[in-house]
Amino acid sequence: TSSVEDLFVYPNPASSEISVTYDLLRSGTIRLDLMDATGRVVEHLGTRNSVTAGRYVERFALSRSLASGHYRLVLTTIAGRSSVNIELIR
């Protein structure tokens, strides 16, 4: 079971920036990655250590080198992974 609930990305489709909202049920370390259709990490958005449980909203500028297409945002904790599909339009 994951330690994350309600993982959302806005806007979706996105063009250059996204807002990521998630509820962390247990404190710990989180990692956010953007993956392509093959599961390869194309952009590491960040790692946060010692994050306390609660609701978070974070903004990220997406790399200009990313092409239009479908991606998956993956939030990883010690308890597992949560993910959401994102469409990028350039």
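Everything numeric here is computed off the predicted structure, so don't read it as measured data.
In terms of heavy atoms, A53 sits closest to S27 at N-OG, 3.1 Å. Across P13 and I89, no two heavy atoms sit closer than the pair CB-CD1, 3.5 Å. Of all heavy-atom pairs spanning S16 and R90, the tightest one is CA-NH1, 4.2 Å. The two residues S83 and V74 come nearest to each other via the heavy atoms CB-CG2, 4.0 Å.
The environment of CZ in R55 is crowded: more than 12 heavy-atom neighbours from other residues, nucleotides or ligands sit within 6.0 Å. Sparse packing is recorded around CD1 of I78, with 12 or fewer heavy atoms of other residues, nucleotides or ligands lying under 6.0 Å away.
Distance CG/L25 to CG/D6: 8.5 Å, rounded to 0.5 Å. Taking CZ of R72 as the reference point, atom CD1 of I86 lies at 9.5 Å (rounded to 0.5 Å). In this structure, L24 CG and L7 CG are separated by 11.0 Å, a value rounded to the nearest 0.5 Å.
A heavy-atom distance below 4.5 Å is not found between the side chains of L45 and E58. Using a 4.5 Å cut-off on side-chain heavy atoms (C-beta onward), E43 and L66 make contact. Using a 4.5 Å heavy-atom threshold, the side chains of L62 and Y71 count as separate. The side-chain heavy atoms of T21 and Y10, taken from C-beta on, include no pair separated by under 4.5 Å.
If you chain together hydrophobic residues whose side chains sit under 4.5 Å apart, V84 and F60 fall into the same group. Tracing side-chain contacts under 4.5 Å through hydrophobic residues (I, L, V, M, F, W, Y), one reaches L73 starting from V42; they form part of the same cluster.
With I30 as reference, L75 is the one residue of V4, N49, L75 to meet the side chain to side chain contact (heavy atoms under 4.5 Å, CB included) rule.
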